[in-house]
Amino acid sequence: SSTKLLRRSASLTNATCGSYGAWSQVGSNDPTSAYADTSVSSGNCYQYQYQVFDNVLNDVNYTSASTAKVDTGVPSVAVTGITEDSGVGYQYVSGTTVYYNSVGTGNFTVSASANDTISNISRVMFPETVSTGVNDTTSPYTGTYAFDTSDTYSASSTVVAWDNAGNNQTASFTVTRDVTAPSGGTVSYTDGYYTTASVSVTFSDGTDAGSGINTSSTKLLRRAATLSSGSCGSYGSWSQIGSNDPTSAYSDTSVISGNCYQYQYQVFDNVLNDVNYTSASSAKVQLSNPSCSINSIDDSSAYGY
């Protein structure tokens with residue numbers, strides 16, 4: 001009737017127990033075995049001792065070298081960034097979403113922060129997406145992925161941080177496959193003759209529901225043919241005029257008299273899907289006046305006046 005279960009505690013910080021306090025009884029005398037100690041608190045270490053008396057007050061304290069480390073909290077975790085493969089345009093990052101175009105190959109790296117001040121982080125699990133995931137046990141926590149032309153993965157993905165107590169918390173990022181070009185744009189110019197060395201071309205980008213339009217890489221293209229007797233000859237190949245990302249409207253002042261011109265507006269999204277907006281119009285440039293002369297005057301008549 002006088003046996004006792006004793007306990008002492010210490011703070012648990014970064015998986016390490018601090019200095020223990022004094023032993024004190026938990027529960028009532030003569031506890032049953034097994035005893036469930038439900039008065040423990042997260043962030044503490046506990047050690048236990050069992051004190052037994054005989055009937056003339058000889059006593060013994062049974063001890064154990066074991067330590068109970070209590071951590072009921074979850075770690076913190078966040079996706080802190082996604083880094084694109086430099087020099088390759090088939091992937092594009094916006095916040096915690098990475099877009100990729102599987103017509104090409106590339107890679108990207110997902111970075112995460114994780115923290116647990118009680119039992120410390122055990123590992124951060126990066127899931128399988130376009131390639132195999134990884135368990136990273138060392139900060140800074142990263143997972144690198146490679147995609148190729150066979151990949152079709154497109155989904156929200158979950159990073160899981162585990163502490164040494166087995167608690168876990170998640171954070172998400174999104175991998176989106178984008179193989180669709182922008183649409184809905186236009187290119188427009190007047191069909192017919194131009195008598196000054198300037199063709200005004202207007203155009204619009206349209207929209208892109210995936211990675212978005214890359215406005216710094218839009219291009220205005222032109223091809224030319226000889227203008228003879230009012231008809232355009234065979235057109236040559238398309239070539240860029242002006243710099244990337246032209247403003248609308250664009251005045252093409254490099255046209256030459258005696259040529260026909262057609263224009264095309266090329267728009268890329270951020271993972272190199274592209275579309276060429278075209279027009280059937282032809283700009284016929286003629287800057288010179290027609291030749292005209294009086295060849296003769298016919299004065300023949302029945303009268304001599």
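Side chains are part of it too, since the values below use all heavy atoms of this structure and drop only hydrogens, waters and symmetry mates.
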Would you say [X]'s side chain and [Y]'s backbone share a donor-acceptor pair under 3.5 angstrom?
| X | Y | result |
| --- | --- | --- |
| Glu128 | Val130 | no |
| Ser131 | Tyr145 | no |
| Asp71 | Ala165 | no |
| Asn164 | Asn120 | yes |
| Arg177 | Asp151 | yes |
| Asp178 | Thr180 | yes |

TODO: Might you work through the side chain to side chain contact (heavy atoms under 4.5 Å, CB included) test for Val70 and Ser41, ending with a clear yes or no?
DONE: CA-CA 7 Å; Val70 181; Ser41 298; over 6 Å; no

Under a 4.5 Å side-chain heavy-atom rule over Ile, Leu, Val, Met, Phe, Trp and Tyr, are [X] and [Y] clustered together?
| X | Y | value |
| --- | --- | --- |
| Val159 | Val98 | yes |
| Val201 | Val285 | yes |
| Val134 | Val175 | yes |
| Val187 | Val199 | yes |
| Trp162 | Ile118 | no |

Open item on the list: Working note: Asp252 + Ser254, criterion side-chain hydrogen bond (donor to acceptor under 3.5 Å, both in side chains); need CA distance, chi angles, decisive distance, verdict.
Closed with: CA-CA 6 Å; Asp252 183 10; Ser254 64; 2.8 Å; yes

Straight-line distance of [X] [atom1] to [Y] [atom2], nearest 0.5 Å:
| X | Y | atom1 | atom2 | result |
| --- | --- | --- | --- | --- |
| Tyr100 | Gln91 | OH | CD | 11.5 Å |
| Ile256 | Leu287 | CD1 | CG | 9.5 Å |
| Asn115 | Gln169 | CG | CD | 12.5 Å |
| Ser122 | Asp163 | OG | CG | 8.0 Å |
| Leu220 | Gln264 | CG | CD | 9.5 Å |
| Leu221 | Ile241 | CG | CD1 | 8.0 Å |

Restricting to non-hydrogen atoms, name the atom on [X] and the atom on [Y] that form the minimum distance, rounded to 0.1 Å.
| X | Y | result |
| --- | --- | --- |
| Tyr46 | Arg7 | CD2-CD, 3.4 Å |
| Tyr35 | Gly27 | OH-CA, 3.5 Å |
| Asn214 | Asp269 | CB-O, 3.7 Å |
| Asp30 | Ser1 | CB-CA, 4.1 Å |
| Ser42 | Gly73 | OG-N, 3.8 Å |
| Phe203 | Thr247 | CZ-O, 3.0 Å |

Heavy-atom side-chain contact between [X] and [Y] under 4.5 Å:
| X | Y | answer |
| --- | --- | --- |
| Asn244 | Lys219 | yes |
| Phe108 | Val93 | no |
| Thr105 | Tyr90 | no |
| Pro75 | Asn167 | yes |
| Asp59 | Asn61 | yes |
| Pro182 | Tyr277 | yes |
| Thr3 | Pro31 | yes |
| Ser281 | Thr190 | no |

Open item on the list: My understanding is that only residues two or more places apart in sequence, or in another chain, count here; which of them pass side chain to side chain contact (heavy atoms under 4.5 Å, CB included) with Tyr20?
Closed with: Arg8, Ala10, Cys17, Cys45, Gln47, Thr67

Task: Member of Asp85, Thr109, Asn107, Thr83 meeting the side chain to side chain donor-acceptor pair (under 3.5 Å) criterion with Thr144 - done: Thr109

Open item on the list: Looking at Asn55, I'd like to know if its CG atom is crowded, meaning that more than 12 non-hydrogen atoms belonging to other residues, nucleotides or ligands lie closer than 6.0 Å.
Closed with: no

Open item on the list: Students often mix this up, so state it plainly: with edges at 30° and 60°, are the rings of Tyr189 and Tyr263 parallel, tilted or perpendicular?
Closed with: perpendicular

Task: Audit row: Ser9, Asn44, side-chain hydrogen bond (donor to acceptor under 3.5 Å, both in side chains) steps and yes/no - done: CA-CA 7 Å; Ser9 65; Asn44 285 330; 5.4 Å; no

TODO: Take Ser154 and Thr176 through the side chain to side chain contact (heavy atoms under 4.5 Å, CB included) test and state the conclusion after the steps.
DONE: CA-CA 5 Å; Ser154 190; Thr176 301; 3.9 Å; yes

Open item on the list: Between Thr186 and Ser188, is there a side-chain donor-acceptor contact under 3.5 Å, judged purely by atom types and distance?
Closed with: no

Task: Pair Asn101-Tyr92, side-chain donor/acceptor within less than 3.5 Å - done: no

TODO: Could you list the residues that satisfy ring pair (Phe, Tyr, Trp, His ring centres under 6.0 Å) with Phe268, not counting sequence neighbours?
DONE: none

Please tabulate, for the side chains in residues 226-236, all donor-acceptor contacts under 3.5 angstrom to protein atoms that are two or more places apart in sequence or on a different chain.
from	atom 1	to	atom 2	distance (Å)
Tyr235	OH	Ser282	OG	3.0

Task: Stepwise side chain to side chain contact (heavy atoms under 4.5 Å, CB included) check, Thr129 with Phe173 - done: CA-CA 11 Å; Thr129 62; Phe173 66 98; 4.1 Å; yes

